[in-house]
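Okay, so here's the structure we're looking at.
All residue numbers in this chain count up from 1 along the given sequence.
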Amino acid sequence: MNDYKYYIDNGIYDIQRGEFESAIENINKSIEMKNDWEISYFYRGVAHQAMQNFDEAILDYTKALQINPKMADAYNNRAEIMLSRKDIENPDINKIISDFEKALELDERFVNALFGMAAAYKKLGDYHKSLEYLERLLEIEPDAIQAKALKKLILKKYII
């Protein structure tokens with residue numbers, strides 16, 4: 001008989017191969033056997049996010065964080081979804097920033113969260129704060145193309 005780890009391993013493997021529906025089926029079996037393991041909810045969130053099932057992904061990341069509030073990736077992914085969604089007219093930027101901040105508290109060198117903070121502050125119109133996060137990111141990863149491009153855009157368009 002297979003245990004919950006067998007199914008989560010298969011689910012992660014499915015995600016790596018881009019087979020997200022199969023991943024969710026495997027991860028659901030893992031959760032049926034052990035419903036208090038944050039890893040299962042996190043990876044089901046990853047699969048849902050890849051399929052653009054954003055509400056389900058947010059629910060899964062939230063559940064993972066309820067079980068283990070030290071999952072920097074879950075905070076980051078949840079914030080990225082909320083920041084990038086086009087179907088929500090006025091996203092709660094403060095909630096998004098709060099999630100990115102928690103990710104950075106857990107890992108101050110979390111490049112994706114630094115970029116997310118820069119994007120969130122740009123959206124708020126706080127271009128200097130946005131640049132601060134981009135500078136921190138570029139200290140860690142000097143060749144980060146997206147960060148360089150966003151920095152250039154902010155400097156050219158908003159800070160003359």
Side-chain angles (χ1 to χ4, degrees), residues 1-123 133-134 136-150:
M1 170 145 162
N2 298 320
D3 69 353
Y4 70 96
K5 288 182 182 172
Y6 169 85
Y7 290 108
I8 191 66
D9 288 345
N10 281 343
I12 293 168
Y13 182 66
D14 288 338
I15 289 169
Q16 292 167 341
R17 291 192 333 242
E19 295 177 11
F20 304 113
E21 304 236 353
S22 177
I24 290 169
E25 286 175 26
N26 273 307
I27 294 167
N28 284 342
K29 289 176 187 164
S30 177
I31 290 171
E32 284 171 23
M33 296 176 171
K34 183 169 176 56
N35 68 0
D36 61 348
W37 196 34
E38 70 275 13
I39 301 299
S40 299
Y41 294 100
F42 175 78
Y43 279 106
R44 190 170 68 180
V46 169
H48 278 302
Q49 187 173 358
M51 294 171 65
Q52 298 187 350
N53 299 333
F54 297 127
D55 291 335
E56 291 89 341
I58 288 171
L59 288 172
D60 280 333
Y61 293 138
T62 301
K63 179 70 175 173
L65 289 165
Q66 288 168 347
I67 298 168
N68 179 359
K70 295 193 183 312
M71 291 191 79
D73 285 303
Y75 286 115
N76 180 75
N77 290 10
R78 186 170 71 178
E80 281 182 355
I81 290 171
M82 292 189 293
L83 186 62
S84 67
R85 281 181 75 162
K86 304 286 185 248
D87 61 328
I88 296 176
E89 206 168 299
N90 294 308
D92 184 349
I93 298 287
N94 292 324
K95 171 97 178 86
I96 293 166
I97 287 172
S98 172
D99 271 2
F100 283 132
E101 282 175 344
K102 286 180 181 135
L104 288 167
E105 280 171 28
L106 295 164
D107 179 1
E108 65 185 29
R109 297 176 59 84
F110 196 152
V111 171
N112 289 7
L114 289 167
F115 187 82
M117 285 294 267
Y121 277 108
K122 178 187 172 283
K123 205 167 203 160
Y133 283 98
L134 291 170
R136 281 178 55 191
L137 188 164
L138 290 166
E139 281 176 28
I140 297 164
E141 214 172 276
D143 297 327
I145 294 166
Q146 280 187 310
K148 285 178 165 181
L150 183 57

Between CG on residue Asp60 and CG on residue Asp55, distance to nearest 0.5 Å: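 Output value for this atom pair is 11.5 Å.
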Atom [atom1] of [X]: over 12 foreign heavy atoms under 6.0 Å:
X: Lys95; atom1: NZ; value: yes
X: Gln66; atom1: CD; value: yes
X: Arg85; atom1: CZ; value: yes

State, yes or no, whether a side-chain contact exists between [X] and [Y] at a heavy-atom distance under 4.5 Å.
X: Lys102; Y: Phe100; answer: no
X: Leu65; Y: Arg78; answer: yes
X: Gln16; Y: Tyr13; answer: yes
X: Asp36; Y: Lys34; answer: yes
X: Ile93; Y: Met82; answer: no

Closest approach of [X] to [Y] (non-hydrogen atoms, all atoms of both residues):
X: Leu106; Y: Pro69; result: CD1-O, 4.0 Å
X: Ile15; Y: Ile27; result: CD1-CD1, 4.3 Å
X: Ala57; Y: Gly45; result: CB-O, 3.5 Å

Pairing donors with acceptors under 3.5 angstrom, does anything connect the side chains of Tyr61 and Gln49?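 There is such a pair between these side chains.
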Report yes or no: do Glu80 and Asn76 form a side-chain donor-acceptor pair below 3.5 Å?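 There is such a pair (donor and acceptor under 3.5 Å, judged by atom type) between the side chains of Glu80 and Asn76.
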Testing Tyr4, Tyr43, Tyr7 for ring pair (Phe, Tyr, Trp, His ring centres under 6.0 Å) with Trp37, which one passes?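 One option only clears the test, and that one is Tyr4.
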Tell me if a side-chain donor or acceptor on Thr62 pairs with a main-chain N or O of Ile58 at a distance below 3.5 Å. yes
Is Asp9 paired with Lys5 through a side-chain N to carboxylate O contact shorter than 4.0 Å? no
Pick out which of Asn10, Ile31, Asn2 makes a side-chain contact (heavy atoms from CB on, under 4.5 Å) with Asn26.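 Running side-chain contact (heavy atoms from CB on, under 4.5 Å) over Asn10, Ile31, Asn2 with Asn26 returns exactly one hit, Asn10.
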Which pairs of donor and acceptor atoms, one on a side chain in residues 115-123, lie under 3.5 Å apart (sequence neighbours left out)?
unit_1	atom_1	unit_2	atom_2	d
Lys123	NZ	Leu83	O	3.2

